[in-house]
Amino acid sequence: EGKQVDLLLDWLRGSNYTVVFTGAGMSTESGLPDFRSSKGLWKKQDPSRVASIESLNKNVEAFIDFYRQRVIGVHEYKPHKGHHILAKWEKEGRIQSIITQNVDGFHQMAGSSRVHELHGTLQRVHCQKCGREESNERYLTGDVRCECGGIFRPNVVLFGEPLPQEAFQNALADSERAELFIVLGSSLTVTPANQMPVIAKRNGAKLVIVNMDETPLDGMADLVIHGEKIGELLEKLDSRLP
Ligand code: APR
């Protein structure tokens with residue numbers, strides 16, 4: 001794995017436009033569960049029952065309880081060293097942007113500024129009837145009824161909903177521009193997010209996939225690193241950069 005680190009360091013140093021693409025594996029070392037590894041959220045619950053647009057209408061109690069737990073999580077836990085290293089690399093001009101599927105807001109909390117949130121965020125909620133928007137505190141108590149009679153829901157993309165247009169277009173543009181595209185902690189199984197690495201590769205980028213487990217896109221990657229914890233790998237890389 002030493003050779004892989006050396007190669008990745010060379011590519012990081014030589015790239016003029018580096019894009020990092022993160023998934024839930026970026027936040028497990030903060031204490032937040034991912035979805036599809038052995039301890040993942042979808043091993044315990046059916047996403048269509050708690051995280052789909054139908055569940056908001058048919059299963060509202062289960063929906064509210066599921067998202068209340070996740071809002072509590074993003075208040076209880078915080079960004080880890082790896083998030084802070086990515087924020088530092090942005091300031092040092094080593095990476096140009098982060099495309100994330102995560103809704104925890106941890107990249108921004110750690111200081112990253114150019115972050116495209118493809119799946120929205122748990123940090124804000126809005127009433128699904130009148131559209132009033134506010135920060136997520138009311139989900140800590142479960143008091144989610146709006147005075148208009150509607151229900152507040154997190155600003156996340158539910159299964160069956162379209163992705164936010166601006167984040168999607170910006171992520172697409174960055175994926176096309178990337179000379180180096182580094183995936184950190186995603187199973188790359190959810191479309192259309194998982195098309196970003198494909199688009200980057202198709203436009204000439206070097207594709208690096210860092211993930212504990214295998215992914216369906218490993219075959220098209222220029223470098224694959226499995227079995228390494230992302231936080232620890234980022235510390236190793238950062239310690240070797242000037
Ligand atoms: N270091 C490296 N890899 C890790 C770590 C870690 N510390 N922790 C977990 N992983 C890897 C797991 O092996 C897993 O393959 O991260 C991957 C996370 O994959 P998923 O749980 O499928 O999460 P993600 O790819 O982000 O899911 C995409 O699915 O449910 C939707 O909207 C949700 O944004 C999410 C989307």
Side-chain angles (χ1 to χ4, degrees), residues 1 4-5 8 20-56 63 66-67 69-71 73-74 77-86 98-107 110 115-123 153-164 167-168 171 181-198 208-218 221 223-238:
E1 176 257 63
Q4 293 176 315
V5 168
L8 183 44
V20 173
F21 177 95
T22 62
M26 181 75 218
S27 295
T28 52
E29 290 162 77
S30 287
L32 295 179
D34 65 14
F35 297 97
R36 296 175 183 81
S37 68
S38 53
K39 298 185 293 301
L41 284 176
W42 300 152
K43 291 285 183 283
K44 301 190 181 76
Q45 335 219 15
D46 172 0
S48 65
R49 221 178 67 76
V50 293
S52 67
I53 192 69
E54 295 80 31
S55 59
L56 178 57
F63 175 93
F66 175 68
Y67 280 103
Q69 297 311 318
R70 295 187 68 196
V71 168
V74 297
Y77 298 111
K78 58 185 181 7
H80 59 70
K81 189 100 177 64
H83 293 99
H84 289 281
I85 287 170
L86 292 180
I98 294 175
I99 301 170
T100 189
Q101 299 170 100
N102 299 339
V103 293
D104 52 37
F106 282 7
H107 286 304
V115 181
H116 309 310
E117 293 180 309
L118 290 180
H119 293 163
T121 179
L122 284 172
Q123 292 299 333
R153 52 163 284 184
N155 289 12
V156 299
V157 177
L158 301 176
F159 283 102
E161 286 189 317
L163 270 58
F168 185 77
F181 192 95
I182 305 172
V183 175
L184 298 177
S186 177
S187 63
L188 295 173
T189 48
V190 172
T191 55
N194 66 358
Q195 293 310 298
M196 297 299 161
V198 177
V208 178
I209 296 177
V210 178
N211 201 56
M212 194 60 75
D213 299 319
E214 291 186 357
T215 82
L217 300 188
D218 287 351
L223 175 63
V224 175
I225 300 178
H226 290 318
E228 277 282 308
K229 283 192 162 190
I230 287 164
E232 292 171 10
L233 179 70
L234 287 172
E235 284 194 77
K236 208 178 290 180
L237 291 165
D238 190 47

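Order of appearance sets the numbers: ligands from 1, and atoms from 1 within every ligand. Owing to the predicted nature of the structure, the values given are computational and were not obtained by experimental measurement.
Here's the thing with Thr189: none of its N/O atoms is less than 3.5 angstrom from an N/O atom of ligand 1. At a 3.5 angstrom cut-off on N or O pairs, Phe159 does not count as close to ligand 1. Taking only nitrogen or oxygen atoms, main chain and side chain alike, Met212 reaches within less than 3.5 Å of ligand 1. Remark: ligand 1 and His119 share an N or O pair separated by less than 3.5 Å (distance only, no angle test). Considering both main-chain and side-chain atoms, Thr28 comes within under 3.5 Å of ligand 1 through a nitrogen or oxygen pair. At least one N or O atom of Ala24, backbone or side chain, sits closer than 3.5 Å to an N or O atom of ligand 1.
Using bins of under 30°, 30° to 60° and over 60° for the plane-to-plane angle, the ring pair Phe181/Phe21 lands in the tilted bin.
Here Thr22 contributes atom OG1 and Glu117 contributes atom CD; the two are 9.5 Å apart, rounded to the nearest 0.5 Å.
Looking at Asp213 against ligand 1, both its backbone and its side chain come within 4.0 Å, counting heavy atoms. The parts of Ile230 lying near ligand 1 are both backbone and side chain, judged by heavy-atom distances below 4.0 Å. The backbone and the side chain of Arg36 each have at least one atom closer than 4.0 Å to an atom of ligand 1 (non-hydrogen atoms only).
Shown in contact with Gln101 at under 4.0 Å from a heavy atom are these atoms of ligand 1, numbered in order with element: 25 (O), 26 (O), 28 (C), 34 (O). For ligand 1 and Lys229, the ligand atoms under 4.0 Å from any heavy atom of the residue are 1 (N). Atoms of ligand 1 lying under 4.0 Å from any heavy atom of Glu228, numbered from 1 in the order shown and given with element: 1 (N), 2 (C). Every atom of ligand 1 is numbered from 1 in the order shown, and the set under 4.0 Å from a heavy atom of Gly25 is 4 (C), 5 (C), 6 (C), 7 (N), 8 (N), 9 (C), 10 (N), 16 (O), 18 (C). Taking every non-hydrogen atom of Val190 and a distance limit under 4.0 Å, the qualifying atoms of ligand 1 come out as 28 (C), 29 (O), 36 (C).
Using a 3.5 Å distance cut-off with no hydrogens or angles, the side chains of Gln123 and Thr121 do not pair a donor with an acceptor. Under 3.5 Å, the side chains of Asp34 and Thr28 contain no donor-acceptor pair of N or O atoms. Judged purely by distance below 3.5 Å, without hydrogens or angles, the side chains of Gln101 and Ser186 pair a donor atom with an acceptor atom.
For NZ of Lys44, the number of neighbouring non-hydrogen atoms (other residues, nucleotides, ligands) closer than 6.0 Å is greater than 12.
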